[in-house]
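Below is one structure, written out as C-alpha coordinates; the observations come after it.
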Amino acid sequence: MKRRAAITGIGFITSIGNDRKEVSLSLRELRSGIVPVQFLGNPNLPVKVAGTVKGFEVESPRWRDWRFPERYAGLARETLRSLAPHGLYALCAAEQAIEDAGITRADLVDGATGLYCASAGSAFLLHHHLAHMHAVRGERGNPMGVVASIAGTVNFNLAAHFGIRGAVGGFAAACASSSHALGFALDEIRLGRQERMLVVGAEEVNAETVLPFAGMRALSVNPDARSASRPFDHGRDGFVAAGGAVCLVLESREAADRRGAKVYAEVIGWGQAADGHNVAISHPEGAGLAQAMRRALADAGLGPSAVDYVSAHATSTPAGDRSEAIALGAVFSAAGARPRVSSTKGITGHPLSLSGVMEAAFCALCLDEGFIPGNANLRVQDPACEGLDLPRESLAARPTVALNNSSGFGGSNVCHVLHAGRT
Amino acid sequence: MEKSPSLPEPSSSNTVRKEPLCDFPEEVREAFRRLRETGDPAAADTVVLAIVAEHMPRKGVPISDQSALVADLGFDSFAITEMIFFVEELFEVSISNAEILGVSSVADLREFVRAKLASREPRPE
(Lines give C-alpha, C1' and ligand atoms only; values in the text may rest on other atoms or scores of the structure.)
Protein backbone atom coordinates (compact mmCIF):
# COMPACT_ATOMS: atom_id res chain seq x y z
CA MET A 1 0.00 0.00 0.00
CA LYS A 2 1.30 3.43 -0.93
CA ARG A 3 2.24 5.81 1.87
CA ARG A 4 -0.09 8.78 2.06
CA ALA A 5 1.20 12.35 1.80
CA ALA A 6 -0.48 15.38 3.32
CA ILE A 7 -0.06 19.11 2.83
CA THR A 8 0.46 20.47 6.34
CA GLY A 9 1.91 23.91 5.68
CA ILE A 10 1.48 26.60 3.02
CA GLY A 11 3.30 29.90 2.42
CA PHE A 12 2.31 32.50 -0.17
CA ILE A 13 4.10 35.48 -1.69
CA THR A 14 1.90 36.07 -4.73
CA SER A 15 0.33 38.75 -6.84
CA ILE A 16 -2.98 38.18 -5.00
CA GLY A 17 -1.63 38.15 -1.47
CA ASN A 18 1.30 37.51 0.81
CA ASP A 19 -0.38 35.16 3.28
CA ARG A 20 -2.97 32.41 3.29
CA LYS A 21 -5.85 34.54 4.51
CA GLU A 22 -5.32 37.24 1.89
CA VAL A 23 -4.94 34.67 -0.91
CA SER A 24 -8.07 32.81 0.14
CA LEU A 25 -10.09 36.04 0.13
CA SER A 26 -8.73 36.99 -3.29
CA LEU A 27 -9.72 33.59 -4.71
CA ARG A 28 -13.20 33.72 -3.20
CA GLU A 29 -13.88 37.29 -4.33
CA LEU A 30 -11.80 37.12 -7.54
CA ARG A 31 -9.70 40.08 -6.48
CA SER A 32 -7.06 40.61 -9.12
CA GLY A 33 -3.35 41.06 -8.47
CA ILE A 34 -2.76 42.37 -11.98
CA VAL A 35 -1.81 46.06 -12.17
CA PRO A 36 -0.52 48.56 -14.74
CA VAL A 37 3.26 48.54 -15.15
CA GLN A 38 5.84 50.17 -17.37
CA PHE A 39 8.86 48.02 -18.17
CA LEU A 40 12.23 49.72 -18.71
CA GLY A 41 10.56 53.11 -18.47
CA ASN A 42 9.36 52.68 -22.01
CA PRO A 43 5.77 53.79 -22.55
CA ASN A 44 5.87 52.48 -26.11
CA LEU A 45 6.01 48.84 -25.12
CA PRO A 46 2.78 47.03 -25.91
CA VAL A 47 2.88 45.02 -22.65
CA LYS A 48 1.36 47.24 -19.98
CA VAL A 49 0.17 44.98 -17.14
CA ALA A 50 1.63 42.32 -14.83
CA GLY A 51 0.82 40.36 -11.69
CA THR A 52 3.27 42.12 -9.38
CA VAL A 53 4.33 41.20 -5.86
CA LYS A 54 3.26 43.89 -3.42
CA GLY A 55 5.22 44.91 -0.33
CA PHE A 56 8.63 44.00 -1.78
CA GLU A 57 10.98 46.52 -3.40
CA VAL A 58 13.60 44.40 -5.11
CA GLU A 59 14.32 46.31 -8.29
CA SER A 60 17.99 46.78 -7.41
CA PRO A 61 20.60 44.05 -7.98
CA ARG A 62 22.06 45.08 -4.59
CA TRP A 63 20.42 43.27 -1.70
CA ARG A 64 21.31 46.18 0.55
CA ASP A 65 18.76 48.29 -1.35
CA TRP A 66 15.88 45.87 -0.95
CA ARG A 67 12.84 46.61 1.20
CA PHE A 68 10.46 43.90 2.34
CA PRO A 69 7.81 43.32 5.01
CA GLU A 70 8.83 43.77 8.64
CA ARG A 71 7.87 40.16 9.34
CA TYR A 72 11.05 39.04 7.57
CA ALA A 73 13.35 41.73 8.96
CA GLY A 74 15.42 39.18 10.86
CA LEU A 75 17.01 37.72 7.73
CA ALA A 76 20.78 37.86 8.12
CA ARG A 77 23.10 39.47 5.58
CA GLU A 78 24.75 36.05 5.16
CA THR A 79 21.40 34.84 3.83
CA LEU A 80 20.44 37.90 1.80
CA ARG A 81 23.80 38.32 0.03
CA SER A 82 23.34 35.26 -2.20
CA LEU A 83 19.65 35.66 -2.99
CA ALA A 84 18.01 36.82 -6.18
CA PRO A 85 14.78 38.78 -5.83
CA HIS A 86 12.73 35.63 -6.35
CA GLY A 87 14.97 33.84 -3.86
CA LEU A 88 13.84 36.37 -1.28
CA TYR A 89 10.21 35.65 -2.17
CA ALA A 90 10.95 31.92 -1.84
CA LEU A 91 12.60 32.27 1.54
CA CYS A 92 9.69 34.32 2.87
CA ALA A 93 7.16 31.79 1.55
CA ALA A 94 9.14 28.94 3.10
CA GLU A 95 9.32 30.70 6.47
CA GLN A 96 5.53 31.04 6.37
CA ALA A 97 4.95 27.42 5.39
CA ILE A 98 7.26 26.06 8.07
CA GLU A 99 5.59 28.17 10.74
CA ASP A 100 2.16 27.19 9.40
CA ALA A 101 3.05 23.49 9.56
CA GLY A 102 4.32 23.83 13.10
CA ILE A 103 7.52 21.97 12.36
CA THR A 104 10.69 22.94 14.15
CA ARG A 105 14.16 23.83 12.94
CA ALA A 106 15.27 20.51 14.41
CA ASP A 107 12.81 18.70 12.12
CA LEU A 108 14.34 20.42 9.09
CA VAL A 109 17.88 19.19 9.77
CA ASP A 110 17.09 15.60 10.72
CA GLY A 111 17.79 14.19 7.25
CA ALA A 112 14.17 13.10 6.86
CA THR A 113 13.25 16.46 5.32
CA GLY A 114 14.00 17.24 1.69
CA LEU A 115 13.61 20.26 -0.57
CA TYR A 116 12.54 20.38 -4.20
CA CYS A 117 12.38 23.74 -5.94
CA ALA A 118 11.56 25.26 -9.29
CA SER A 119 12.57 28.54 -10.84
CA ALA A 120 14.07 29.74 -14.08
CA GLY A 121 16.84 31.50 -12.19
CA SER A 122 17.25 35.24 -12.24
CA ALA A 123 17.81 36.59 -15.73
CA PHE A 124 17.90 40.02 -14.08
CA LEU A 125 20.83 39.25 -11.77
CA LEU A 126 22.60 37.14 -14.37
CA HIS A 127 22.46 40.08 -16.75
CA HIS A 128 23.80 42.37 -14.04
CA HIS A 129 26.75 40.13 -13.20
CA LEU A 130 27.61 39.39 -16.83
CA ALA A 131 27.42 43.08 -17.72
CA HIS A 132 29.87 43.75 -14.88
CA MET A 133 32.13 40.97 -16.12
CA HIS A 134 32.27 42.56 -19.56
CA ALA A 135 32.77 46.05 -18.08
CA VAL A 136 35.89 44.94 -16.18
CA ARG A 137 37.00 42.63 -19.00
CA GLY A 138 36.71 39.61 -16.77
CA GLU A 139 39.21 40.85 -14.21
CA ARG A 140 36.92 40.41 -11.19
CA GLY A 141 33.45 39.21 -10.33
CA ASN A 142 30.99 39.03 -7.48
CA PRO A 143 31.47 35.65 -5.74
CA MET A 144 27.71 35.53 -5.12
CA GLY A 145 26.95 35.91 -8.82
CA VAL A 146 26.60 32.23 -9.67
CA VAL A 147 24.66 31.01 -6.66
CA ALA A 148 22.35 34.03 -6.73
CA SER A 149 21.58 33.92 -10.43
CA ILE A 150 21.54 30.56 -12.12
CA ALA A 151 18.66 28.09 -12.25
CA GLY A 152 18.95 26.26 -8.95
CA THR A 153 19.51 29.42 -6.93
CA VAL A 154 16.37 28.76 -4.88
CA ASN A 155 17.38 25.26 -3.80
CA PHE A 156 21.00 26.31 -3.19
CA ASN A 157 19.98 29.08 -0.86
CA LEU A 158 17.04 27.51 0.95
CA ALA A 159 18.89 24.26 1.57
CA ALA A 160 21.76 26.16 3.17
CA HIS A 161 19.53 28.54 5.11
CA PHE A 162 17.39 25.81 6.65
CA GLY A 163 20.18 23.23 6.96
CA ILE A 164 18.33 20.63 4.87
CA ARG A 165 20.10 17.25 4.88
CA GLY A 166 17.65 15.16 2.90
CA ALA A 167 16.97 15.13 -0.84
CA VAL A 168 17.60 18.53 -2.43
CA GLY A 169 17.19 19.45 -6.07
CA GLY A 170 15.64 21.69 -8.65
CA PHE A 171 13.45 21.25 -11.72
CA ALA A 172 13.58 23.14 -14.98
CA ALA A 173 10.64 22.48 -17.28
CA ALA A 174 9.45 26.07 -17.63
CA CYS A 175 5.82 26.42 -16.62
CA ALA A 176 5.52 22.79 -15.48
CA SER A 177 8.60 22.94 -13.23
CA SER A 178 7.09 23.27 -9.79
CA SER A 179 4.52 20.63 -10.70
CA HIS A 180 7.40 18.25 -11.32
CA ALA A 181 8.83 19.30 -7.96
CA LEU A 182 5.57 18.43 -6.19
CA GLY A 183 5.14 15.16 -8.08
CA PHE A 184 8.63 13.91 -7.35
CA ALA A 185 8.31 15.10 -3.74
CA LEU A 186 5.23 12.90 -3.44
CA ASP A 187 7.29 9.98 -4.73
CA GLU A 188 10.03 10.63 -2.15
CA ILE A 189 7.45 10.26 0.61
CA ARG A 190 5.67 7.31 -0.94
CA LEU A 191 8.96 5.47 -1.37
CA GLY A 192 9.80 6.04 2.27
CA ARG A 193 12.89 8.04 1.46
CA GLN A 194 11.72 11.17 3.25
CA GLU A 195 9.18 12.01 5.96
CA ARG A 196 8.54 15.48 4.68
CA MET A 197 9.41 17.66 1.69
CA LEU A 198 9.44 21.39 1.21
CA VAL A 199 8.23 22.15 -2.31
CA VAL A 200 8.93 25.64 -3.60
CA GLY A 201 8.29 27.52 -6.82
CA ALA A 202 9.46 31.10 -7.41
CA GLU A 203 9.74 33.63 -10.20
CA GLU A 204 10.57 37.29 -10.67
CA VAL A 205 8.43 39.79 -12.49
CA ASN A 206 10.81 42.21 -14.16
CA ALA A 207 11.82 43.15 -17.68
CA GLU A 208 14.48 40.45 -17.92
CA THR A 209 12.07 37.64 -17.03
CA VAL A 210 8.95 38.96 -18.72
CA LEU A 211 9.81 40.78 -21.94
CA PRO A 212 11.48 37.86 -23.74
CA PHE A 213 7.99 36.35 -23.87
CA ALA A 214 6.81 39.45 -25.75
CA GLY A 215 9.32 38.47 -28.42
CA MET A 216 7.50 35.15 -28.66
CA ARG A 217 4.22 37.07 -29.06
CA ALA A 218 2.93 35.14 -26.04
CA LEU A 219 1.98 38.12 -23.84
CA SER A 220 -1.32 39.95 -23.77
CA VAL A 221 -1.15 43.45 -25.19
CA ASN A 222 -4.47 44.37 -23.64
CA PRO A 223 -3.66 47.48 -21.55
CA ASP A 224 -6.63 46.98 -19.21
CA ALA A 225 -5.42 45.30 -16.01
CA ARG A 226 -9.00 44.26 -15.23
CA SER A 227 -9.45 42.17 -18.35
CA ALA A 228 -6.06 41.37 -19.90
CA SER A 229 -5.84 37.86 -18.44
CA ARG A 230 -8.97 36.01 -19.56
CA PRO A 231 -8.45 32.25 -19.72
CA PHE A 232 -10.89 30.33 -21.92
CA ASP A 233 -12.43 33.58 -23.18
CA HIS A 234 -12.96 34.00 -26.91
CA GLY A 235 -11.20 37.39 -26.82
CA ARG A 236 -8.00 36.31 -25.03
CA ASP A 237 -4.77 37.48 -26.62
CA GLY A 238 -1.93 36.12 -24.50
CA PHE A 239 -0.81 35.68 -20.93
CA VAL A 240 -0.08 38.28 -18.27
CA ALA A 241 3.21 37.60 -16.51
CA ALA A 242 3.39 37.39 -12.74
CA GLY A 243 5.92 36.69 -10.00
CA GLY A 244 6.15 35.50 -6.42
CA ALA A 245 6.80 32.26 -4.56
CA VAL A 246 4.84 29.51 -2.87
CA CYS A 247 6.02 26.81 -0.49
CA LEU A 248 4.17 23.66 0.47
CA VAL A 249 5.12 21.36 3.31
CA LEU A 250 4.30 17.85 2.14
CA GLU A 251 4.47 15.27 4.91
CA SER A 252 3.72 11.59 5.32
CA ARG A 253 0.21 11.25 6.68
CA GLU A 254 1.53 9.09 9.51
CA ALA A 255 4.01 11.75 10.59
CA ALA A 256 1.35 14.44 10.32
CA ASP A 257 -1.12 12.44 12.40
CA ARG A 258 1.54 11.55 14.98
CA ARG A 259 2.09 15.17 15.80
CA GLY A 260 -1.56 16.16 15.39
CA ALA A 261 -0.86 18.47 12.47
CA LYS A 262 -3.57 20.22 10.53
CA VAL A 263 -4.01 18.60 7.11
CA TYR A 264 -5.13 20.91 4.30
CA ALA A 265 -5.36 18.10 1.76
CA GLU A 266 -3.62 14.95 0.62
CA VAL A 267 -1.80 14.59 -2.67
CA ILE A 268 -2.95 11.17 -3.82
CA GLY A 269 -1.52 10.86 -7.30
CA TRP A 270 0.28 12.47 -10.15
CA GLY A 271 1.11 11.85 -13.77
CA GLN A 272 3.07 13.37 -16.57
CA ALA A 273 3.22 12.99 -20.32
CA ALA A 274 4.93 15.06 -22.97
CA ASP A 275 3.43 16.15 -26.27
CA GLY A 276 6.40 15.25 -28.47
CA HIS A 277 5.18 18.02 -30.71
CA ASN A 278 6.78 21.48 -30.51
CA VAL A 279 9.32 23.38 -28.45
CA ALA A 280 6.88 26.10 -27.44
CA ILE A 281 3.37 25.28 -28.67
CA SER A 282 0.96 22.86 -27.02
CA HIS A 283 -0.26 19.87 -28.97
CA PRO A 284 -3.35 21.14 -30.83
CA GLU A 285 -5.54 18.37 -29.39
CA GLY A 286 -3.95 18.47 -25.93
CA ALA A 287 -2.77 14.91 -26.34
CA GLY A 288 0.01 15.04 -23.76
CA LEU A 289 -2.06 16.85 -21.16
CA ALA A 290 -4.95 14.41 -21.57
CA GLN A 291 -2.54 11.53 -21.06
CA ALA A 292 -1.02 13.23 -17.99
CA MET A 293 -4.51 13.56 -16.48
CA ARG A 294 -5.31 9.91 -17.21
CA ARG A 295 -2.04 8.80 -15.64
CA ALA A 296 -2.61 10.95 -12.58
CA LEU A 297 -6.12 9.55 -12.12
CA ALA A 298 -4.84 6.00 -12.57
CA ASP A 299 -2.13 6.65 -10.00
CA ALA A 300 -4.78 7.89 -7.58
CA GLY A 301 -7.03 4.94 -8.37
CA LEU A 302 -9.91 7.19 -9.41
CA GLY A 303 -12.04 7.64 -12.50
CA PRO A 304 -12.97 10.98 -14.11
CA SER A 305 -16.36 11.02 -12.39
CA ALA A 306 -14.69 11.23 -8.96
CA VAL A 307 -13.22 14.66 -9.77
CA ASP A 308 -15.10 17.68 -8.42
CA TYR A 309 -12.79 20.46 -9.52
CA VAL A 310 -10.02 20.97 -12.08
CA SER A 311 -7.55 23.82 -11.61
CA ALA A 312 -6.66 24.40 -15.24
CA HIS A 313 -3.27 25.56 -16.42
CA ALA A 314 -4.98 27.86 -18.97
CA THR A 315 -2.79 30.94 -19.21
CA SER A 316 -4.98 32.99 -21.56
CA THR A 317 -3.05 32.20 -24.74
CA PRO A 318 -5.19 31.35 -27.76
CA ALA A 319 -3.45 28.05 -28.54
CA GLY A 320 -2.77 26.80 -25.02
CA ASP A 321 -6.27 27.30 -23.61
CA ARG A 322 -7.84 25.68 -26.64
CA SER A 323 -5.54 22.71 -26.34
CA GLU A 324 -6.37 22.27 -22.66
CA ALA A 325 -10.10 22.62 -23.28
CA ILE A 326 -9.94 19.81 -25.83
CA ALA A 327 -7.89 17.67 -23.44
CA LEU A 328 -10.44 18.22 -20.66
CA GLY A 329 -13.21 17.25 -23.03
CA ALA A 330 -11.38 14.08 -24.01
CA VAL A 331 -10.85 13.00 -20.41
CA PHE A 332 -14.06 14.16 -18.73
CA SER A 333 -16.84 14.89 -21.23
CA ALA A 334 -16.10 11.67 -23.11
CA ALA A 335 -16.55 9.78 -19.81
CA GLY A 336 -19.77 11.58 -18.96
CA ALA A 337 -18.10 13.53 -16.14
CA ARG A 338 -18.49 17.28 -15.65
CA PRO A 339 -16.27 18.69 -12.91
CA ARG A 340 -16.06 22.41 -12.26
CA VAL A 341 -13.09 23.85 -14.19
CA SER A 342 -11.38 27.19 -13.63
CA SER A 343 -8.09 28.94 -14.24
CA THR A 344 -7.06 31.27 -11.44
CA LYS A 345 -4.66 33.04 -13.80
CA GLY A 346 -7.47 35.47 -14.61
CA ILE A 347 -6.60 37.16 -11.30
CA THR A 348 -3.01 36.08 -10.64
CA GLY A 349 -1.49 36.31 -14.08
CA HIS A 350 0.90 33.54 -15.07
CA PRO A 351 3.93 33.13 -12.80
CA LEU A 352 5.71 30.67 -15.11
CA SER A 353 7.48 27.90 -13.19
CA LEU A 354 5.75 28.95 -9.96
CA SER A 355 2.28 28.26 -11.30
CA GLY A 356 2.10 24.50 -10.62
CA VAL A 357 2.80 24.55 -6.91
CA MET A 358 0.90 27.82 -6.48
CA GLU A 359 -2.22 26.32 -7.98
CA ALA A 360 -1.78 23.07 -6.03
CA ALA A 361 -1.78 25.27 -2.92
CA PHE A 362 -4.94 26.98 -4.17
CA CYS A 363 -6.53 23.53 -4.58
CA ALA A 364 -5.56 22.67 -1.02
CA LEU A 365 -7.32 25.82 0.22
CA CYS A 366 -10.42 24.95 -1.82
CA LEU A 367 -10.54 21.43 -0.39
CA ASP A 368 -9.92 22.61 3.15
CA GLU A 369 -12.14 25.67 3.24
CA GLY A 370 -14.90 24.62 0.84
CA PHE A 371 -14.94 26.82 -2.23
CA ILE A 372 -14.20 26.71 -5.95
CA PRO A 373 -12.62 29.74 -7.65
CA GLY A 374 -14.41 31.18 -10.64
CA ASN A 375 -13.00 32.11 -14.05
CA ALA A 376 -12.33 35.83 -13.82
CA ASN A 377 -12.89 37.81 -17.01
CA LEU A 378 -14.61 34.95 -18.81
CA ARG A 379 -17.31 36.64 -20.85
CA VAL A 380 -17.66 34.78 -24.13
CA GLN A 381 -16.55 31.20 -23.84
CA ASP A 382 -14.27 29.77 -26.52
CA PRO A 383 -16.29 27.24 -28.56
CA ALA A 384 -13.60 24.65 -27.79
CA CYS A 385 -14.88 24.70 -24.19
CA GLU A 386 -18.29 23.34 -25.11
CA GLY A 387 -19.44 20.82 -22.52
CA LEU A 388 -17.11 22.11 -19.79
CA ASP A 389 -18.49 23.61 -16.58
CA LEU A 390 -16.64 26.92 -16.26
CA PRO A 391 -18.11 28.94 -13.38
CA ARG A 392 -17.81 32.71 -13.80
CA GLU A 393 -17.93 33.45 -10.08
CA SER A 394 -16.38 31.59 -7.18
CA LEU A 395 -18.68 29.03 -5.64
CA ALA A 396 -19.35 27.98 -2.07
CA ALA A 397 -18.91 24.25 -2.55
CA ARG A 398 -17.00 21.51 -0.79
CA PRO A 399 -14.99 19.57 -3.35
CA THR A 400 -13.45 16.26 -2.27
CA VAL A 401 -11.14 15.62 -5.23
CA ALA A 402 -9.31 18.24 -7.26
CA LEU A 403 -7.00 17.98 -10.28
CA ASN A 404 -4.21 20.47 -10.91
CA ASN A 405 -2.87 20.83 -14.45
CA SER A 406 0.40 22.33 -15.67
CA SER A 407 2.04 22.54 -19.05
CA GLY A 408 5.46 23.83 -20.02
CA PHE A 409 7.80 24.35 -22.94
CA GLY A 410 8.84 21.26 -24.81
CA GLY A 411 5.34 19.91 -24.32
CA SER A 412 5.83 18.84 -20.69
CA ASN A 413 2.49 18.19 -19.02
CA VAL A 414 1.96 17.38 -15.35
CA CYS A 415 -1.21 16.67 -13.39
CA HIS A 416 -1.70 16.23 -9.62
CA VAL A 417 -4.67 14.71 -7.84
CA LEU A 418 -5.53 16.17 -4.45
CA HIS A 419 -8.03 14.77 -1.94
CA ALA A 420 -9.67 16.59 0.95
CA GLY A 421 -8.05 14.05 3.25
CA ARG A 422 -10.85 14.31 5.75
CA THR A 423 -10.92 10.56 6.40
CA MET B 1 -0.16 55.39 -15.73
CA GLU B 2 0.40 53.94 -12.27
CA LYS B 3 3.75 52.21 -11.91
CA SER B 4 4.41 49.17 -9.84
CA PRO B 5 7.00 49.64 -7.11
CA SER B 6 8.41 46.19 -7.82
CA LEU B 7 9.65 46.95 -11.31
CA PRO B 8 12.97 48.45 -12.31
CA GLU B 9 13.00 52.17 -12.89
CA PRO B 10 13.95 53.51 -16.33
CA SER B 11 17.63 53.85 -15.48
CA SER B 12 18.09 50.24 -14.51
CA SER B 13 20.40 49.58 -11.60
CA ASN B 14 22.15 47.17 -13.90
CA THR B 15 23.95 50.07 -15.44
CA VAL B 16 24.07 52.59 -12.61
CA ARG B 17 27.12 52.57 -10.37
CA LYS B 18 26.13 53.73 -6.91
CA GLU B 19 28.26 56.08 -4.83
CA PRO B 20 31.03 54.04 -3.20
CA LEU B 21 30.32 53.21 0.45
CA CYS B 22 26.82 54.69 0.24
CA ASP B 23 25.70 52.24 2.94
CA PHE B 24 28.52 53.20 5.34
CA PRO B 25 28.68 55.94 7.99
CA GLU B 26 29.67 59.45 6.94
CA GLU B 27 33.06 59.25 8.68
CA VAL B 28 33.94 56.24 6.54
CA ARG B 29 32.87 57.97 3.33
CA GLU B 30 34.89 61.00 4.42
CA ALA B 31 37.95 58.80 4.98
CA PHE B 32 37.51 57.36 1.51
CA ARG B 33 37.31 60.84 0.01
CA ARG B 34 40.49 61.79 1.91
CA LEU B 35 42.23 58.69 0.64
CA ARG B 36 41.36 59.53 -2.94
CA GLU B 37 42.46 63.13 -2.58
CA THR B 38 45.61 62.72 -0.51
CA GLY B 39 46.54 59.04 -0.57
CA ASP B 40 46.63 59.15 3.25
CA PRO B 41 47.33 55.54 4.37
CA ALA B 42 45.56 56.15 7.69
CA ALA B 43 42.39 56.92 5.75
CA ALA B 44 42.73 53.58 3.98
CA ASP B 45 42.95 51.88 7.38
CA THR B 46 39.67 53.46 8.46
CA VAL B 47 37.94 52.24 5.32
CA VAL B 48 39.35 48.72 5.60
CA LEU B 49 38.26 48.38 9.23
CA ALA B 50 34.75 49.50 8.27
CA ILE B 51 34.65 46.96 5.45
CA VAL B 52 35.68 44.17 7.82
CA ALA B 53 33.06 45.24 10.35
CA GLU B 54 30.35 45.32 7.69
CA HIS B 55 31.20 41.90 6.29
CA MET B 56 32.12 39.92 9.39
CA PRO B 57 29.64 37.16 10.15
CA ARG B 58 30.14 37.20 13.95
CA LYS B 59 28.50 40.46 14.91
CA GLY B 60 29.21 42.26 18.16
CA VAL B 61 32.78 41.05 18.47
CA PRO B 62 35.39 43.79 19.00
CA ILE B 63 37.80 44.16 16.08
CA SER B 64 41.47 44.67 16.63
CA ASP B 65 44.51 44.52 14.39
CA GLN B 66 45.22 41.06 15.77
CA SER B 67 41.73 39.71 15.08
CA ALA B 68 41.88 36.57 12.96
CA LEU B 69 39.32 36.71 10.17
CA VAL B 70 38.26 33.07 10.55
CA ALA B 71 38.82 32.22 14.21
CA ASP B 72 37.79 35.51 15.79
CA LEU B 73 35.40 37.19 13.37
CA GLY B 74 33.63 34.13 11.96
CA PHE B 75 34.60 34.47 8.32
CA ASP B 76 34.57 31.38 6.12
CA SER B 77 36.25 31.26 2.73
CA PHE B 78 33.06 32.36 0.97
CA ALA B 79 32.64 35.36 3.23
CA ILE B 80 36.28 36.29 2.65
CA THR B 81 35.76 36.21 -1.12
CA GLU B 82 32.73 38.46 -0.68
CA MET B 83 34.77 40.98 1.29
CA ILE B 84 37.69 40.78 -1.12
CA PHE B 85 35.35 41.48 -4.04
CA PHE B 86 34.09 44.54 -2.19
CA VAL B 87 37.69 45.72 -1.78
CA GLU B 88 38.40 45.04 -5.47
CA GLU B 89 35.37 47.03 -6.59
CA LEU B 90 35.96 49.91 -4.20
CA PHE B 91 39.64 50.39 -5.01
CA GLU B 92 39.34 49.13 -8.60
CA VAL B 93 42.08 46.55 -8.16
CA SER B 94 42.33 42.85 -8.90
CA ILE B 95 43.41 40.50 -6.15
CA SER B 96 44.78 37.05 -6.95
CA ASN B 97 43.99 33.80 -5.16
CA ALA B 98 47.57 33.67 -3.89
CA GLU B 99 47.24 37.15 -2.43
CA ILE B 100 44.02 36.18 -0.62
CA LEU B 101 45.81 33.23 0.99
CA GLY B 102 48.26 35.66 2.55
CA VAL B 103 45.52 37.53 4.41
CA SER B 104 44.48 35.93 7.70
CA SER B 105 44.08 38.85 10.10
CA VAL B 106 42.75 42.38 10.08
CA ALA B 107 46.35 43.66 10.17
CA ASP B 108 47.18 41.48 7.14
CA LEU B 109 44.29 42.96 5.19
CA ARG B 110 45.14 46.51 6.25
CA GLU B 111 48.76 46.12 5.19
CA PHE B 112 47.78 44.34 2.01
CA VAL B 113 45.45 47.16 0.94
CA ARG B 114 48.07 49.78 1.77
CA ALA B 115 50.62 47.92 -0.35
CA LYS B 116 48.17 47.34 -3.18
CA LEU B 117 47.25 51.01 -3.35
CA ALA B 118 50.88 52.11 -3.17
CA SER B 119 51.88 49.83 -6.01
CA ARG B 120 49.01 50.79 -8.25
CA GLU B 121 49.58 53.04 -11.27
CA PRO B 122 47.90 55.37 -11.78
CA ARG B 123 46.47 56.13 -8.35
CA PRO B 124 42.71 56.71 -8.12
CA GLU B 125 41.51 60.19 -9.01
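Naming: A, B, ... by sequence-line order, numbering from 1 per chain.
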> Looking at A/P143 and B/F85, what are the two nearest heavy atoms and their distance?
Replying inline: CD-CB, 3.4 Å

> Looking only at heavy atoms, which two atoms of B/D23 and A/R62 are closest? And how far apart?
Replying inline: OD2-NH2, 2.5 Å

> What option among A/E139, A/R77, A/H132, A/R67 has the most heavy-atom pairs under 4.5 Å with chain B?
Replying inline: A/R77

With a cut-off of 6.0 Å (strictly less than), are more than 12 heavy atoms of other residues, nucleotides or ligands near [atom1] of [X]?
| X | atom1 | answer |
| --- | --- | --- |
| B/E26 | CD | yes |
| A/R165 | CZ | no |
| A/R226 | CZ | no |

>> Can you tell me which portion of B/M56 sits under 4.5 Å from chain A's heavy atoms? Options are side chain, backbone, both or neither.
In response: backbone

> Is there a side-chain contact between A/R64 and B/E54, using heavy atoms and a 4.5 Å cut-off?
Replying inline: yes

> If you check every heavy atom in residues 104-112 of chain B against those of chain A, which residues fall under 4.5 Å?
Replying inline: none

>> I'd like to know if B/K59 and A/E78 make a salt bridge, using a cut-off of under 4.0 Å between side-chain N and carboxylate O.
In response: no

> What part of A/V147 lies closer than 4.5 angstrom to a heavy atom of chain B: side chain, backbone, both or neither?
Replying inline: side chain

>> Under a 3.5 Å distance rule, please check whether A/R81 uses its side chain to pair with a backbone N or O of B/E82 as donor and acceptor.
In response: no

